[in-house]
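To start, the structure under review is shown below, and the notes come after it.
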Amino acid sequence: MNTNEDKNQSEEPTFEASELLMDSLLKNVAANREGGDDEAFLANVETLLDVNSAPKAISQPGKKSRSKTKRRIPVWVSGGIAAALVVGVSSAVVFFSTVNENADRMIPSLVMESGVSDPSAPFEYGLNESTPTTADQLAQAKQTQEIAKESKDLVIDQIGHESAELNSIQEEISFVEAEMEEARASKKEIDLALRKMFPDSNRTSDGVGLEYGVPVNASVTQTSISGDISIASAAGSGGTITTSGIESDYTLQIGLGGFNDEGKLNSTPDSDGVVKIANTKGAIATASPNNRTRRVQPFKKLLGRSKKLSETDAALPLPAKGPRTLGVDSQIGSGGQFADFAEVPEQTRGRSRSAPNQDGEFGLSRTLIDNPWKSPIGEPLSTFSIDVDTASWTNIRGMLQRGFSMDQIPPDSVRVEEMINYFDWKYPQPDGEHPFGFAVESAQCPWNADSQLLRVAIQGKDVKRDARPASNLVFLLDVSGSMNQSNKLPLLQKSIALMVEEMNENDCVSIVVYAGAEGMALHPTKGNEQAEIMDALKRLKAGGSTNGGAGINLAYKIASQNFIKDGVNRVILCTDGDFNVGLTGTETLTQLVERKAKRDRVFLSVCGFGNDNLNDVMLESITNKGNGTYYFIDTIAEARKVFLKDMMATLVTIAKDVKIQVEFNPGQVKAYRLIGYANRRLAAKDFEDDHVDAGEIGAGHSVTAFYEVVPVSSESNPLRDVTSNLRYQIEAAPEPAPLPKRTVIKSPELALLKLRYKEPDGDVSKLIEKPVMPNGQDWRKSSEDFRFASAVALFGMKLRDNDSVRNVRLPEIIDLAESGIGTDPHGYRAEFIKLLKAAK
Amino acid sequence: MTATQLEMPTEETETQKADDGSPDSPSLRLVKEGSRDDFSRLMREHHRELIVFAGAIVSDCEAGKDIVQDALVSAWRKFDEFDPELGDFGAWMRGIIRFKAKDFFRKMQRTPISELGLVEMEVDLAAWQRARAAGTGVFEIVENCLGKLPEKMREAVQRFYLEDRSGDDAAGVLDISPANLRKRLERARGLLHECIAGEARIVGSENG
């Protein structure tokens with residue numbers, strides 16, 4: 001006979017909830033077939049119910065009344081009691097042992113026999129078979145049993161508690177050992193990497209320390225490390241770190257002294273969790289868990305989570321300019337990862353990019369970093385996933401309408417591609433075998449005469465509304481207390497009503513609500529039963545906190561249960577904010593959404609309402625993985641646009657995992673950069689990897705991307721090394737010329753545009769290619785769409801405080817937008833211009 | 001639903017109409033009046049699914065049984081507080097079990113199952129409950145679904161679960177590696193879950 005522990009140990013780690021349930025069910029199948037165990041269990045409970053049917057406090061001389069707090073009674077104990085009751089005067093015995101420490105709370109020793117005790121007997125609760133049995137005596141006997149059981153439980157609790165403590169200590173030991181092992185592995189990886197990169201560095205190791213020096217004469221010495229882990233690094237030509245007598249558990253010392261002769265850090269750390277960092281001036285910043293002078297994570301955390309470390313380090317002093325020497329410094333994680341400060345574009349070093357989260361940590365991982373300039377020789381391929389979201393502009397528009405100045409708009413809320421997507425463009429409809437048409441146009445860049453602006457756009461084919469497939473829509477509605485504002489729940493109700501009016505008998509609509517708890521507000525209902533749906537919508541009321549994590553899962557369940565093959569299966573999340581109860585981590589939610597999209601083919605769309613509590617970044621992030629779209633709704637007019645136009649288009653998905661890759665011709669292009677798509681970048685190799693997710697596109701949707709391109713004929717070079725002619729530094733040694741790996745082929749083409757997509761139900765991508773020819777025409781001669789879109793992109797970059805457009809003034813953007821206003825049937829462009837004119 | 005003032009039927013209140021624990025049920029009224037026999041009958045109707053539920057939450061069958069036992073005693077003691085308007089007997093018991101499980105995790109210093117996981121289970125249990133109200137218990141359904149499993153998976157389930165062998169032992173009997181056995185069991189559980197959910201839904205919907 002095996003224990004359940006065996007099975008649990010072997011299976012539990014990979015179990016999901018449904019698996020746990022099946023596991024438990026299967027473990028009970030055999031018992032159910034046999035039935036015996038089942039009856040024993042029920043008999044035990046029946047006995048307990050008998051005992052508990054008339055609980056009364058017992059008052060005994062010399063003893064305090066016992067609390068009636070119920071304690072768990074192990075099955076075997078209750079079984080013994082049951083046996084005692086059944087056999088009557090037989091000799092069934094239950095024996096409880098003594099626990100001296102609790103003598104005042106427990107019965108010292110108790111032997112329970114059938115019958116009633118002699119009052120003078122040493123054990124006043126004992127039962128003696130020679131004594132006549134009466135109803136009162138039986139009642140007393142039952143009370144006695146109860147006390148006995150409680151006493152037993154106290155003992156069991158005590159043992160359990162001590163056992164749990166012991167387990168806890170053992171777990172702690174295991175944890176520390178695992179951490180040590182991880183640290184050793186990290187050290188090995190880091191050492192290997194550093195030795196490979198900097199063979200001339202000097203390192204001395206003693207104990208479990210990590211030390212490395214970065215280039216030339218760097219020297220690091222550690223001695224007498226008695227704690228768990230210590231890391232020391234010296235960076236730069238004069239960097240030196242010497243430590244001794246380290247007694248701390250966690251120590252991190254980093255010298256970035258490579259820029260002057262003062263870069264030395266000599267110290268003797270003597271307390272836990274010390275982090276010392278010398279910056280370029282040789283100044284030392286110290287941080288520890290108890291006395292933080294900077295936002296530095298306790299080192300223990302840093303080791304455990306390399307990602308956190310990279311977030312933290314961004315808050316540390318950066319070199320004034322991109323280091324000439326490699327900035328291999330403080331990016332250390334359990335995986336031994338490194339990051340180079342030089343990789344961080346200049347424009348990210350300005351004002352704070354994101355507010356601290358609820359833990360007081362700065363979420364740099366959420367920070368959008370603009371795409372830097374790149375050379376087509378070194379990096380000829382630019383790859384990104386499409387994005388058809390529009391929420392960013394609606395959000396920004398709301399802020400501008402509320403009187404925010406441009407400086408007050410958080411840069412992270414500005415996603416240039418979403419701003420452009422918001423507007424309608426007159427791109428040609430596709431006419432070939434593919435569901436896309438290209439709309440490529442280029443002209444002189446309106447804000448930089450030395451460069452050209454290349455617009456790469458794709459247009460999804462339109463599908464007639466009545467030809468759309470059947471839809472299984474589960475609205476997941478946030479009805480938490482914060483939704484109780486006119487621009488939230490009431491607007492949400494009206495918005496959904498708009499969409500429901502378009503539904504028919506082939507569609508299925510369900511409503512799941514979430515707040516303090518989740519629940520069904522409308523069971524799956526046919527789309528033509530509009531009265532029922534509208535009724536459910538009207539009944540919605542707001543109140544409670546937000547338990548989005550539970551709600552989203554219920555919504556997916558409902559969507560899966562009503563799955564329509566060859567139809568649209570989508571959860572539409574409508575919320576004003578964060579998921580502040582339950583699944584709080586964006587990453588956890590994102591994984592859930594991604595898994596549901598991949599495995600169950602149920603996609604997610606998000607509609608944000610209100611603007612005071614909106615977790616814009618998270619909502620955008622989860623739709624990225626959910627093959628979904630993210631909209632922001634602040635007015636009924638916007639609701640009409642989203643629910644009647646954009647969302648209906650989304651319901652007819654014409655392609656998924658749409659990726660774009662542009663190969664630039666070094667013979668024509670000196671440098672290029674992608675505008676926007678900061679969090680949509682893909683690695684070049686991901687383009688052909690069908691396992692890598694990307695965005696989906698609905699019928700009639702269009703996607704627009706701009707590249708700023710510097711032609712080879714231009715004298716401008718944004719990639720110029722501004723540190724090539726320094727007064728105080730010279731190159732340490734001339735680097736040998738790299739061997740040419742590729743030869744540039746002469747071609748008049750500017751670039752090759754490539755697009756990969758999958759059919760909505762397909763798993764294999766298809767490829768479309770289109771060469772792009774250079775066109776340096778005056779931007780004033782470009783199309784109206786081109787001019788207006790470039791104005792939107794320019795305004796977006798301005799809001800993001802992008803270096804390259806810092807000198808562009810608002811009136812110039814307005815002029816550019818006005819030149820491209822065109823017919824503007826919905827007034828969206830006029831509204832944009834109006835807001836720009838009012839912007840401060 | 002504590003703070004949400006929703007005035008609409010929940011999944012449970014829909015199902016309770018067909019369940020013996022519904023407010024209209026004469027048996028429940030008797031129970032409310034203190035009838036032990038009827039409480040016992042309700043307990044006997046629900047206890048198997050409750051044991052499965054509790055065992056799943058704490059990943060331990062025996063601990064699950066203890067929790068159910070404990071929860072039943074609590075339920076009996078606090079039966080005056082039970083409001084059938086808020087849900088049927090099974091749903092009420094599951095609420096108590098969830099509470100007991102929290103205590104269990106705290107005592108054992110184990111990480112509790114996520115709220116998300118509990119919700120997933122509740123959705124499954126609600127479907128089982130509807131099927132039971134229609135006259136088919138989950139153990140009947142699982143027997144049927146076991147018969148539909150591919151032979152290799154069925155054999156793995158037989159050796160590991162039904163014959164109560166250890167992983168290594170079952171793998172030895174099947175002449176496969178323990179890792180292979182784990183994979184088969186994982187797939188079998190997945191298929192069974194889908195099959196049971198589907199059949200429960202069909203049976204439940206047949207009941208109206």
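Just so we're on the same page: letters track the sequence lines, and every chain starts at 1.
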B:E143, part contacting chain A, at a heavy-atom distance under 4.5 Å: side chain

A:E19 and B:H193, any side-chain heavy atoms less than 4.5 Å apart: no

Side-chain heavy atoms of B:E120 within contact of A:L554, under 4.5 Å: no

Atom of A:N28, atom of B:C61 and distance for their closest heavy-atom approach: ND2-SG, 3.9 Å

Test item: A:L25 and B:W128 side chains (from C-beta on) under 4.5 Å apart, heavy atoms: yes

CD on B:E194 to CE on A:M22, rounded to 0.5 Å: 10.5 Å

Contact check, side chains of A:D23 and B:R189, non-hydrogen atoms, under 4.5 Å: yes

Residue A:F563 excluded, over 12 heavy atoms near CZ under 6.0 Å: yes

NZ/NE/NH1/NH2 to OD/OE distance under 4.0 Å, A:K27 and B:D164: no

Chain A interface, residue from B:V142, B:I113, B:I196, B:L162 that has the most non-hydrogen pairs under 4.5 Å: B:L162

Test item: A:V29 and B:Y161 side chains (from C-beta on) under 4.5 Å apart, heavy atoms: no

Interchain contact, B:L146 with chain A, by part (heavy-atom threshold 4.5 Å): side chain

Closest approach of A:S24 to B:A56 (non-hydrogen atoms, all atoms of both residues): OG-N, 3.3 Å

Minimum side-chain heavy-atom gap B:L192-A:L26 below 4.5 Å: yes

Minimum side-chain heavy-atom gap B:M121-A:L20 below 4.5 Å: yes

